[in-house]
Amino acid sequence: MKRTKRRYLLLQIVLAKGEEETLDPKTFLNAVWGAVTRLYGEHGASLTNLALVDYDNEAKRAILRTNLATLEQVRASIASIATISDKQVAVHILAISGTIKSLHKHQKSTNTLTPT
Amino acid sequence: MRRTFADLHLRIDVQNQTVATQIIRYVASLGYNLVAVPLKPELATINTETALLKRICDEAKVGFASRVDLKPRTPNELLSMLRRLRRKVEVICVLCENKEVARQAAKDRRVDLLNFPSPDYRRRFFDYAEAELASKSLAALEIDVKLLLVLEGAQRVRLLSSLRREISVAQNFHVPLVLSSGVSNLMLLRKPRELAALASLFGSTETLALQAVSETPMEIVKRNREKLNSKFIAPGIRIVKEGKDC
C-alpha cells in the first residue's frame, strides 16, 4: 500500500483585542472542521485527514496535521476562519513542514504575530 | 529570488494615526513589502495624507504607494476625475457601480484597477465586453478578499460563482488579476500566501494567485512611478542627461 504523505502546519491564533480569553483546543478544531466542511463539503473534509497534534493555549499556537494532497484546501479553509464562538479571530499559518521535528525548529525561530 | 508581496487595498482611516500605525505595522509583520492606502480624491489633502502615511510606512519598514478609489456616477464624471488626479497618485482604482462607468474605466489607459464592490452578481459588470476593453488598455481586475471572509452561506456561494466566471473571462482575455485584502479591520488581514490560497476557491491556479499578490501589483506601481517621474517622456523614452554638454 502506498504511504500517504502528510504535512504539519504551525498555526498562530490571533484573538481580537479585549477578547484575550482562552480558546479550548476542541472548539478550535471544530472551527477548522467547520470551515473545511462549509467550503468543500463532507466528502472534501473526509479527504483531508485533519488532526490536531499540539495546542499551546498560552502562546496561542497549534500544530495541525493534514494530507499533502489536500494542503491547499486546508490552507484556504484556515484562511477563511474569521470567528470562533462569536469571537473575532484570525488564524495564520506560520510554517508548513513534512515532519513535526522540523516544525518544532520553526516554532522556536518564528516570532509571535500580535496585532499590537 | 525572494518574492515580494503587495496589498494594494488597505482601507485605513488616515485621521486616526494610532490605528493606522498599528495596522501598517501588523501588515509588515504579515510579510507584505508594499501597501497602498486609498486617499480622499481631493487635491488639497492628497499630499499631506501621502506624507503622513509614507512616514508611518517607513517606520514600519514597508513600502507605500498612494492610491485613490474613484466612485463616479457617470462616464463624464470619471473622465474629469482622471484628468484631475492621474498625475497626483500612483494607483487609480475605479469602483464600478454601473455599466457605463465600468466600460469607460476599462477602455481608459489611465485606470489601473477595476473593482466591483458589490457581491450581487447583477451589479458585477466584468463580462466578455468589459474584459476585451480592459485587455486593450492597462487595467487589471482587482478582487477584494474581504467579501469572502464576511459573507456566509448562499451569499458567499453566489459570490464564489461570480468570481469564478470573472477569473475565467479575465484569463481568456489576458487581463491581469490583483488580489487585495480590502479590509479596514485588523482581524480580517491575511498573509499573502493565505490570500493566494483563498483565490483557489474561485478557480485560480496557485501560480496565478501568487502573481496576483506579488508581480502584478508591483508592476503596476513600478510602471506608474516611472510615469510620474519628471524625466519620463513616453513609454521607453526618458531624459538621461540634460544641459549644455549633451
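So you know, we letter chains A, B, ... as the sequences are listed, proteins then strands, and number each from 1.
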Nearest-0.5 Å distance, [atom1] of residue [X] to [atom2] of residue [Y]:
| X | Y | atom1 | atom2 | result |
| --- | --- | --- | --- | --- |
| Leu10(A) | His92(A) | CG | NE2 | 12.5 Å |
| Ser66(B) | Lys54(B) | OG | NZ | 8.0 Å |
| Leu159(B) | Leu151(B) | CG | CG | 6.0 Å |
| Glu166(B) | Glu130(B) | CD | CD | 9.5 Å |
| Glu72(A) | Thr66(A) | CD | OG1 | 11.0 Å |
| Ser80(A) | Leu148(B) | OG | CG | 9.0 Å |

>> Looking only at heavy atoms and a cut-off of under 4.5 Å, which of Leu30(B), Val150(B), Leu188(B), Val157(B) has the most pairs with chain A?
In response: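 Greatest number of close heavy-atom pairs with chain A: Leu30(B).
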>> At under 4.5 Å between heavy atoms, what parts of residues 27-35 of chain A are in contact with chain B? List them by residue number.
In response: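 Counting heavy atoms that sit under 4.5 Å from chain B, no residue of residues 27-35 of chain A is involved.
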> Which atoms of Leu149(B) come close to chain A, meaning under 4.5 Å heavy atom to heavy atom: side chain ones, backbone ones, both, or neither?
Replying inline: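 Its backbone and side chain both get close to chain A.
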>> Is Ile93(A) in contact with chain B via its backbone, its side chain, both, or neither, using a 4.5 Å heavy-atom distance?
In response: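 Both the backbone and the side chain of Ile93(A) come within 4.5 Å of chain B.
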> Is chain B contacted by the side chain of Leu94(A), its backbone, both, or neither, given a heavy-atom distance below 4.5 Å?
Replying inline: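 Both parts, backbone and side chain.
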> Listed by residue number, which members of residues 191-216 of chain B have a heavy atom under 4.5 Å from any heavy atom of chain A?
Replying inline: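 Result: Lys191(B), Arg193(B), Glu194(B), Ala197(B), Leu198(B), Ser200(B), Leu201(B), Glu206(B).
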>> Going by side chain to side chain donor-acceptor pair (under 3.5 Å), Ser180(B) matches just one of Lys146(B), His9(B), Glu142(B). Which one?
In response: Glu142(B)
>> To check you understand the geometry: which heavy-atom pair defines the closest contact between Gly98(A) and Arg7(A), and what is its length?
In response: CA-NH1, 3.8 Å
>> For a quick test of reading the model, state the closest non-hydrogen atom pair linking Val175(B) to Ala131(B) and the distance between them.
In response: CG2-O, 3.5 Å
>> Could you check whether any side-chain heavy atom of Tyr8(A) comes within less than 4.5 Å of a side-chain heavy atom of Ile96(A), counting everything from C-beta outward?
In response: no
>> Is it the case that over 12 heavy atoms from other parts of the model lie below 6.0 angstrom from the CD atom of Glu59(B)?
In response: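 Yes.
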